Amino acid sequence: MKPAAPAAPEPRNFFQDVHEVVRLVPSGRVTTYGAIAHYLGARHGARTVGYAMMAAHTADQYVPAHRVLNRLGHLTGRLHYATPFAMQEALEAEGIRVEEDRVLDFSKLFWDPSVELA
DNA sequence: GCATTGACTTGGG
DNA sequence: GCCCAAGCCAATG
């Protein structure tokens, strides 16, 4: 019989893996695409992680993508939200200070899954 | 099957 | 600290 339902627009397990790691990010903390990629093996490349985040918009469960930033702590994905302020407000709602589209004390708030989940 | 694009990262100027 | 170029993987046309 058929191995799977090709009609299902769901991507590979890799997307679910990325979404799961993002959900594990505690409130008030942030992580980066590179950290997630490294936790998953770093073979897929940070770009693929970012691509998975774009799919997070269509994920079954909610994914706190606002806690995922680039290595500089910039809110790179804010333009992908319904409103460009949604991501910043979501971060500030968790006690994270955001200034000029970048997270303050990013080094302190940085949450590395390859270390915290070790 | 090749070329383009994308929520990235690193290195050099 | 910021900008440009190269490398990387996956999806789309």
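To find a chain, count down the sequence lines: A is the first, B the second, and so on, and within it residues start at 1. Note that the structure is predicted; figures quoted are calculated from it, not measured. All heavy atoms count here, side chains included; hydrogens, waters and symmetry mates do not.
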Between B:dA7 (P) and A:Tyr81 (OH): distance, integer Å: 13 Å
Any sub-3.5 Å donor-acceptor pair from A:His19's side-chain atoms to A:Ala52's backbone N or O? yes
To the nearest Å, give me how far apart NE2 (A:His44) and P (C:dA11) are. 11 Å
Calculate the interatomic distance between A:Phe15 atom CZ and C:dC9 atom C1'; express it in whole Å. 10 Å
Considering only heavy atoms and no angle criterion, is a donor-acceptor pair shorter than 3.5 Å present between the side chain of A:Tyr51 and the base of B:dA7? no
So which heavy atom on A:Gln88 is nearest to which on A:Asp101, and how close? OE1-OD1, 4.2 Å
Quick check for you: among B:dG6, C:dA10, B:dT9, whose closest atom lies nearest to any side-chain atom of A:His80? B:dG6
Which comes earlier along DNA chain B counting from the 5' end, the contact point of A:Thr48 or that of A:Ala35, where each point is its nearest nucleotide? A:Thr48
From the candidates B:dT10, B:dA7, C:dA10, the one with an atom nearest any side-chain atom of A:Thr76 is B:dA7
By the 4.0 Å heavy-atom rule, please label A:Ala65 as base, sugar-phosphate, or nothing. base
Spacing between A:Arg78 atom CZ and B:dG6 atom P, to the nearest angstrom: 17 Å
Counting Watson-Crick and G-U wobble pairs only, both distances under 3.5 Å, name the nucleotide matched with B:dG11, or none. C:dC4
For A:Arg23, does the CZ atom sit with more than 12 other heavy atoms under 6.0 Å from it, leaving out its own atoms? yes
A:Asn13 CG to C:dC9 P, straight-line distance once rounded to whole Å: 19 Å
Give a yes/no on whether any side-chain N or O of A:Arg102 is located under 4.0 angstrom from OP1 or OP2 of C:dG1. no
Side chain of A:Met53: nearest nucleotide among B:dA7, B:dT9, B:dG6? B:dA7
Roughly, in whole Å, what's the span from OH in A:Tyr39 to C1' in B:dT9? 21 Å
Using atom CG of A:Leu72 as one end and atom P of C:dC3 as the other, report the distance to the nearest whole Å. 11 Å
Where the side chain of A:Arg67 meets the backbone of A:Val25, is there a donor-acceptor pair that is under 3.5 Å apart? yes
Whole angstrom value for the distance that separates C1' of B:dT9 from CD1 of A:Ile36: 14 Å
Looking only at B:dA7, B:dT9, C:dC9, the nucleotide nearest the A:Asn70 side chain is B:dT9
Can you tell me how the ring of A:Phe15 sits relative to the ring of A:Tyr51, calling it parallel under 30°, perpendicular over 60° and tilted otherwise? perpendicular
